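Read through the structure below, which is laid out as structure tokens, and then see the notes.
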Amino acid sequence: MLLFGASITFLVIRAGPLDPVSAILGPQGDPQAYNAIRDQLGLDQPLWQQYIDYMVNMFTLNLGESWVLQPDTSVYSLVVSYAPRTIWLGFWAVLIAIFVGIPLGFYAGLNPNTFSDYIASFGGIVWRAMPNFWLAVILMSVLSQSEKFFFGFNWEGFLYATNVTGPPPLGDLTSVDGFLKALKKIAPAALVLGSASMGNEMRIGRTAVLETVNSNFIETARAKGVPPRSLVWKHIFRNALIPLVPIITGEAFILLGGSVLVESVFDISGIGYLFFQAIKNGDMPLVGSLMFIFILLVVLINIMQDFLYTIIDPRVGYDGGA
Amino acid sequence: MAQKETSAVRSEEEPLLSVDNLQTAFFTDKEVIRAVDGVNFDIHRGETVGIVGESGSGKSVTARSIMGLVDSPGRVLSGSSITFRGEELTEKSEKQYRSLRGSDIAMVFQDPLTSLNPVYTVGNQIKEALRLHQDLRGAAATEEAINLLEAVGIPDASRRVKEYPHEFSGGMRQRAVIAMALACDPELLICDEPTTALDVTIQAQILELLQDLQEERDLAIMFITHDMGVIAEISDRVNVMYAGEIVESAPVEELFENPRHPYTQGLLQSIPGNQPDADRLSTIEGDVPTPNEPAGYCRFEPRCPKAFEDCTRVHPASVEVNDEADDHTAACLLYPEDASQAEAVELHEQLESEREVSER
Ligand SMILES: Nc1ncnc2c1ncn2[C@@H]1O[C@H](COP(=O)(O)OP(=O)(O)OP(=O)(O)O)[C@@H](O)[C@H]1O
Ligand code: SF4
Ligand SMILES: [Mg+2]
């Protein structure tokens, strides 16, 4: 899987339209310099040689140096400086989706066809249907002028003075202050990024609960005299979580893609933003390495999904994970 | 089933469960479905009462009404009465009902493959019942669960308690479900088609198991099925249900020898083997109607080969089929058979005017 992904990446980068040499030289570079740089970067070697080099480097985690974006900086140090912001963003986006979406969905599923169910379901659909960039823009403009909309409540001055956009200050997460500050900073972006997942998880959660409630073993449990509280917590929730596992992990992938956009809008210089820039500038090692990291993440998420399955559902063996 | 009770003995002692004019309706947006419409029957200790009828005749709803498990939009209508050991159940609060469920009245459902929660071990689910009703926990509960599994014939029970439902075969699962139902020593066991989903050999084993358990524990069993063969094997007494009503009720041998209601006759004729000359099985034409209004006619009339004019106008009440037969009733205008037809119809009309029909 890892091997396959890396190979595809190699193909796409090398065979694709990326031309790092012209990017370094600019549009008016003369052919001689072009060839010299080409030589220097090793692009004149046969393709299979490049491929072997690339693969070996990747798997020994020798990520190389950036060619265009920040020449002579190692990719490794770039990733280290950009990644935490993205991780922070993704972490909260997933968390918001899980802790708002699933409870709302479960609540709606337990009280089907009531007023609150309709509100939640309808809200979920609308929320889900809003495109990320649109939501981002709206949220940004509302929050930066929050006094006008919320009767004097000022988001930017709330708790800590911050701008709505810009990278979160991650220097000091161990103190309560620093933590809250970073959290507040990331909240709008995480909300936007997590919004689609939130709506999704709510909908699926609702259906899952409804299905579980109507299943035979719930009736058997009721016939056994199980009180409603333990019926819900013990018998319904755990079963309703099963169909949510692939949804949550599946959304983690979408978040990877979504983060490119959200990071640009909110001006958070994270991995997504870096990736975007790297592609634009034909920075081959950077693109290759980032792709490789994404693939690593995908594999990790898959392993986590199998792990979650084995915890929740005894029918799934660790090897048999779907 | 094993001990043949005479009707004299039967009427002497107080019944364990007595259902009187049970009416359960579902109030849907479109219509009110009177799924159970004026059902009466008794179950005595140690007795097996069978309930047969085609799909949709209201058997499961009857069972759920007794368990107090009828969900919205359904409701047991006022005027219905269910007494268990002399206590009225329909007036119980949900909490009082819950302490009864699983401990005094237990239920086994149709599909053993889905009756157990897939994410907990079999032992866990048996122990849950023990904890709820007998306050047994820990090692004592585990031991009791193992005993129960052994009692229902599961080999290697001490290992099996720790396994999940998917590691059990269908027959084993139904045994486990029965073990769970018996965990708190109930007096009445309601079985809703417990063998329908199993193949024939396993079906026979489960029936045998139920018979053994009944003898051991003096259990009363209400056995729901649409299989006449199973009914013949297991019950002492049979109630035949059609469109929410009990149309015939008799001891099992009497019913099979002398079926009186045209519907019962049709059901018995449709058993393979009962009609050696026919090339084709005679089944009853048509479907069970959905009872969506109080009946002022016979609900079987459209399918009845013996229907006559009055059947569309008078709702038949349950009457003794004739003077000699005691304990054999049918709800059909042809009976009592020793009366003339006009007299019989008049009797039904009069009985009907006394019947209490609830709309709410
Ligand atoms: N939750 C419900 N909402 C509306 N109608 C219902 C509901 N449950 C049962 N009914 C109706 O009650 C009637 C009797 O259903 P019931 O399940 O008791 O039939 P049954 O005799 O058990 O049939 P089967 O042999 O298929 O189990 C049916 O017409 C059905 O449409
Ligand atoms: S009352 Fe009439 S229609 Fe109904 S079963 Fe008897 S004969 Fe048939
Ligand atoms: Mg049924």
Side-chain angles (χ1 to χ4, degrees), chain A residues 106 108-118 205 208-246 305-322, chain B residues 29 60 63-64 66-73 94-122 124-134 162-167 173 176-177 180-181 183-184 186 189-190 192 197:
Chain A
F106 279 10
L110 289 175
N111 304 281
N113 303 324
T114 58
F115 184 66
S116 37
D117 173 34
Y118 291 140
V209 166
L210 276 178
E211 249 165 43
T212 315
V213 167
N214 289 324
S215 60
N216 289 337
F217 61 84
I218 293 300
E219 183 147 45
T220 311
R222 285 176 68 199
K224 210 161 66 171
V226 177
R229 190 136 50 95
S230 92
L231 203 62
V232 167
W233 289 102
K234 175 176 174 182
H235 290 275
I236 297 177
F237 278 1
R238 185 152 164 203
N239 277 286
L241 277 178
I242 294 173
L244 277 167
V245 169
Q305 169 174 339
D306 288 357
F307 179 68
L308 275 178
Y309 262 135
T310 32
I311 292 183
I312 298 178
D313 188 352
R315 283 166 297 185
V316 179
Y318 190 66
D319 331 312
Chain B
D29 293 340
S60 298
R64 271 190 265 143
I66 296 170
M67 292 296 284
L69 287 177
V70 178
D71 284 324
S72 161
E94 168 62 22
K95 203 166 166 225
Q96 289 169 320
Y97 229 128
R98 209 154 54 223
S99 66
L100 209 75
R101 268 181 226 140
S103 71
D104 298 310
I105 309 179
M107 188 157 172
V108 174
F109 291 91
Q110 173 165 357
D111 189 356
L113 299 182
T114 55
S115 303
L116 289 165
N117 192 332
V119 301
Y120 295 103
T121 61
V122 172
N124 179 319
Q125 295 180 57
I126 296 178
K127 283 190 272 179
E128 184 175 36
L130 291 171
R131 179 169 47 78
L132 284 169
H133 300 294
Q134 305 195 334
K162 290 188 228 110
E163 291 190 350
Y164 288 94
H166 69 272
E167 295 169 89
R173 272 190 237 187
V177 171
M180 195 161 85
C184 301
L189 182 65
I190 301 178
D192 192 351

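Predicted model only: the values in this text are computed from it and were never measured. Naming convention: chains lettered A, B, ... in sequence-line order (proteins, then strands); numbering from 1 in each chain.
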* In a check of side chain to side chain contact (heavy atoms under 4.5 Å, CB included) between A:V226 and each of B:R98, B:E128, B:R101, which one passes? -> B:E128
* **Under 4.5 Å from any heavy atom of chain B - which part of A:S230** => side chain
* Which bit of A:I312 comes within less than 4.5 Å of chain B, counting heavy atoms only: side chain, backbone, both or neither? ->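 For A:I312, the contact with chain B is made by the backbone alone.
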* To do: Under 4.5 Å, counting heavy-atom pairs only, tell me which of B:M107, B:R131, B:M180, B:Q110 racks up the most with chain A.
  =>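 Among B:M107, B:R131, B:M180, B:Q110, the one with the most close pairs to chain A is B:M180.
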Non-hydrogen side-chain atoms of [X] and [Y] separated by less than 4.5 Å:
X: B:E167; Y: A:P314; result: no
X: B:D192; Y: A:E219; result: no
X: A:S215; Y: B:N117; result: no
X: B:P118; Y: A:N239; result: yes

Considering all heavy atoms, the nearest [X]-[Y] contact:
X: B:Y120; Y: A:K234; answer: OH-O, 2.7 Å
X: B:M67; Y: A:A223; answer: CE-O, 3.5 Å
X: A:P227; Y: B:L132; answer: CD-CD2, 3.6 Å

* Is the side chain of A:T220 donor-acceptor paired with the backbone N or O of B:S115 at a distance under 3.5 Å, no angle test? -> yes
* Look only at the side chain of A:K224 and the backbone of B:Q125, and say whether a donor-acceptor pair between them is shorter than 3.5 Å. =>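 Judged by distance alone, yes, a pair lies under 3.5 Å.
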